[in-house]
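Beneath this line is the structure, given in structure tokens, with notes to follow.
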Amino acid sequence: MQEDSPVQNETTPDTAQTERPQRAGRRNRLIVLSAAALVALGLGGIAVATTGNDHPAPTAVSLDAQSRAEAGSRADRSTRESSTPAAPSVSPTASPSAASASPTPAKTAKAKAKPKPKKTTKPTPAWVDPMPGAAVTSCYGQRWGTLHAGIDLALPSGTPIHAAAAGTVTQAGDASDGYGNSVFIDHGNGYLTHYAHQSRIAVTVGQTVKAGQVIGYEGATGDATGPHLHFEVHQGMWNQIDPAPFMRARGVDLGC
């Protein structure tokens, strides 16, 4: 028994050397596990610290968050509904002042309508051409050794003859000295006008006429070679003057 003891003592150190690394490995694993557990506990503690000790469990927290979200949604919806402008309510009766303030469509259309231009008649000049558009066949002056005391104006027979100015008819009918059917108009200013060789007379003695009024129609009565108007201006009875400058001074050009 004493001889065997040395052998056992020699093998014990080897066994111990083998078991020490195994125990060290187990300790390391325990240290790692312990550290992991501490980390997990630390994280859990942080989560608990952030939520607070007086709050309910996570499930309760999520339910409370959901209720707050629903409440916020209702508040937001109520805000949007209150901010929507309400349609103006129409009062069944309007005050007289409001009715008068707003014009009716008929009045508005009438106001916008353009006024019709007024018809204006151009006033007749004091003196006019006795036969407008006529050709001059003879002017005032000497002709064939005698005085031609007027202006001859020619157009087709029957052309209307107009009073050169307003006045009163003093003679209407056949005149002497080859004038044929004639009309004399006294203009009340010391001057008379004479219209000879008419085919038909349209006025009577004593009649008042206006400037431009028809007093007869062109013809060839009396001493005439063809239809024409023999027009004279008298300064007093039978004192013939040249009609051309007289009428020109009054705005009428007879072409002589």
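- Atom CG of L155 and atom CG of L153 lie 8.0 Å apart (nearest 0.5 Å).
- For the residue pair Y217 and P160, the shortest heavy atom distance occurs at CD2-CA, 3.8 Å.
- Here CE of M247 is found 7.0 Å from CG of D129. Values are rounded to the nearest 0.5 Å.
- Contact detail for A154 and P227: the closest heavy-atom pair is CB-O, 4.1 Å.
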Worked verdict on H148 versus Q142 for side-chain contact (heavy atoms from CB on, under 4.5 Å): CA-CA 6 Å; H148 182 250; Q142 293 294 323; over 6 Å; no
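- Between V209 and A163, the closest heavy-atom pair is CG2-CB, 4.1 Å.
- With hydrogens and angles disregarded, a donor-acceptor distance shorter than 3.5 Å links the side chain of H228 to the backbone of G226.
- Taking the side chain as every heavy atom from C-beta outward, Q240 and V233 never approach each other to under 4.5 Å.
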Which side-chain N or O atoms in residues 248-256 pair as donor and acceptor under 3.5 Å with protein atoms at least two apart or in another chain?
residue: R248; atom: NH2; partner: C256; partner atom: O; Å: 2.5
residue: R250; atom: NH1; partner: F246; partner atom: O; Å: 2.9
residue: D253; atom: OD1; partner: G255; partner atom: N; Å: 3.0

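- In this structure, the separation between CD1 on I161 and OG on S199 is 7.0 Å, given to the nearest 0.5 Å.
- Closest approach of A126 and A211 over heavy atoms only: O-CB, 3.6 Å.
- Under the 4.5 Å side-chain heavy-atom criterion for Ile, Leu, Val, Met, Phe, Trp and Tyr, W127 and V169 are members of the same hydrophobic cluster.
- Note: F184 and H234 have perpendicular aromatic rings, judged against thresholds of 30 and 60 degrees for the angle between ring planes.
- With rounding to the nearest 0.5 Å, the separation of CG in L192 from CD in Q171 is 9.0 Å.
- In terms of heavy-atom proximity, Q235 sits nearest to I241 at OE1-CG2, 4.0 Å.
- Judged by distance alone, the side chain of N181 and the main-chain N or O of Q198 form a donor-acceptor pair under 3.5 Å.
- Between Y195 and I185, some side-chain heavy-atom pair lies under the 4.5 Å cut-off.
- The backbone N or O of E218 lies less than 3.5 Å from no partner atom in the side chain of T159, so there is not a single donor-acceptor pair.
- Contact of the D152 side chain with the L229 side chain is not registered, since no non-hydrogen atoms from C-beta on lie closer than 4.5 Å.
- Residues satisfying the side-chain hydrogen bond (donor to acceptor under 3.5 Å, both in side chains) test with Y179, not counting sequence neighbours, are E232.
- The cluster map of Ile, Leu, Val, Met, Phe, Trp and Tyr, joined by side-chain heavy atoms under 4.5 Å apart, puts V214 and M131 in different clusters.
- One distance of note links NE2 of H197 with OG of S182; it measures 7.5 Å at 0.5 Å rounding.
- When side chains are defined from C-beta on, I215 does not count as touching H162, because their heavy atoms never get closer than 4.5 Å.
- In plain terms, the two heavy atoms of A244 and D242 that are nearest each other are N-OD1, 3.1 Å.
- Under a 3.5 Å cut-off, the side chain of T170 and the backbone N or O of D186 do not form any donor-acceptor pair.
- V203 has its side chain within reach of I201: a pair of non-hydrogen atoms, C-beta onward, lies under 4.5 Å apart.
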